[in-house]
Trainee: 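One structure, as structure tokens, below. Some questions next.
This one's a predicted model, so the numbers in the text were calculated from it and none came from an experiment. Naming convention: chains lettered A, B, ... in sequence-line order (proteins, then strands); numbering from 1 in each chain.
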Amino acid sequence: MSRPKLYLFAIGGTGSRVLRSLTMLLASGIKTNTEKIIPMIIDTDINNGDVEKCRNIIKNYNDIHNAIYNGVREEENQGEFFRTKIMPPKELNISGTDYGTLKDMVGYNSLDAKGYDKTRALFDLLYSNDNKNMPLEKGFLGNPNVGSVVLKNVVESAVFKEFTQDFSQNDRIFIISSIFGGTGAAGFPLLMNVFRDEMSTLNNGNYINNAIIGGVSVLPYFQVDVDKFNEGESAINSSTFITKTKAALAYYNRNLKQLVNAMYYVGDTRQSNYENFDGGIEQKNPSNFIELTAATSILDFLDYDSNANTKEDLQVESKFFEFGITTDTGVVDLNHIKRDDLKEHLLHFHYYNVYVSDYMKDALTNEKLAWCNELKLSNNYHRQNFFKALEKFTTVHYYRWLIENALDKHDRRFLPFDNSIIINEDDILKDVSDTLPVKTFVDDKKLFTLITGIPAKNNSNFFKKDYIKYDEEFSKIAQKIVALQYGNTERMVHTLLNRGVRNIIADRYVL
Amino acid sequence: MEEFYFLFEDLNNWDVWTDTGYTTAFIILVTTSLIVSAIYYLLLGRISMRYSTMGKWFLFSMINLMLVFILTITIEGILIFDLVFGEFFPKLWIFTIINSIYSFVLYLLLSLVFKRFSIFSKFIPVKF
């Protein structure tokens, strides 16, 4: 049987940010046991900055993936950068603007009619006046009780129907949500109940009902400026995150644990401090190590009981996972990551990105360079779309992701690489459009110390200085790449970069 | 051999020149150019990319030219003409310069042959 597709429901701002970190992991070439990933973004706040960032990075990823791997068989080039197919995100947009407030949405005023007084009383009991009058355009602002009513409309949407029509027998579903906010906390139980409803009238309802479903629930890992809440400038109060989490966990324990097959919990007591925005384009929180760990749970889920096609095939009906690091450190680097494949891929990918940002354009404009000529690259290859897409991914998305993960506002920073190669960090942090390319400067010496705490092997001695030479390595293997007869220049270039970087890392690092 | 060195006015009054002068110079020319281009393409061109630039290729052509110049003037002067150091024989200088110019041309031609056996200098001095 072919490998399963993964329908990945990313709910709310956290969902989109986890998706962004997942895209980085997939770009690093980490192997996934899936035919393709189909992200399904659920957010009532259609202008959410995190969602926009997520859309852009996946589009860039796809431009690269499609140029290299279109028509390539699934088993080929596994483990290479950008290998896993991610479909453009499907957005289950239920624009809060269309609904106005919760009151408008449920037709609260019509409950004045005779015979509805008990319904109205129940509604008043469940929802405060603030809840009822809250505009829905910026999400549910930490009110899952509101979200649970509004999100019901997701299931009625055309995109959701498309998903049910496309769903095949051995496909899997994974849901990313935060437990302490509004949209995620409401969306996860709602989706689980829809998927596991045995009386469901959905298309392929039987397949969906029997599918292996996993989820990651992100526990509190950041706090927002409480003053803004106290002053009435924002409706989000992070001092209630823990209480809400406890309540939600108790609910999950009672009602969801028998529905979900693999449940991952991630969170952090060392919290990040974010500005307090009520959603919208300004809600653009920086990437965080916890989101990366949540993204790794998706990879773990794809390997979870990989021979099982439906929930009946699973050895254990439900399993629960947590993520931990051995040392409680404020700065996490590659030494703290125990998954060797993840460590290796991140290391390879970083050296690849350094080449793309600092060396590749010069190489492509060097008319005498052996590897470029062996691959018969045109003189203007550096101006063509493929190189531009690679450069954009590296300078606009990858380095920005690294900067964000290492920000001081995180009490636990993820700093796997030496960020001092980035020379315009201040400009990047001020750039609200997120389109400004990161500028880097790497000298010969720096190439040996790119990885925090793990220097590369340097064979310099009194008589000879050692260098890491990308183009020399690429030129050595260029003929072998040509001999593969791919018939696709982009695939050749990319395979060469992959294998060349792999050789360099094998020479220089013992992981 | 006289035809090969057509640019040079023959030293007809020197029998020894016709017999061995041309041949010795030709051997110096071919051997030196072969060795220098082999070092450039087959040795350095397969070890490191450091030398794979037009500048380095030209430097090696100059090394070849200088070697041919020095060897020609020394060997021809001492072994063939029995000259002593400091003795000036203008025709020998002219001949040596011609042999050196030939060495550049031969180095260029040998480059076209050897470059295919190199890894890093495969597209030097020309791309085809």
Trainee: Mark yes when over 12 heavy atoms from residues, nucleotides or ligands other than A:Gln485 sit less than 6.0 Å from its CD; otherwise mark no.
Mentor: no

Trainee: With A:Tyr69, which residues qualify under ring-ring contact (aromatic ring centres under 6.0 Å, His included), at least two apart?
Mentor: A:His65

Trainee: For chain A against chain B, print all donor and acceptor atom pairs separated by less than 3.5 Å.
Mentor:
residue  : atom : partner  : partner atom : Å
A:Lys368 : NZ   : B:Pro125 : O            : 2.8
A:Glu374 : OE2  : B:Lys122 : NZ           : 2.9
A:Asn379 : OD1  : B:Lys127 : NZ           : 3.3
A:Glu472 : OE1  : B:Met49  : N            : 2.9

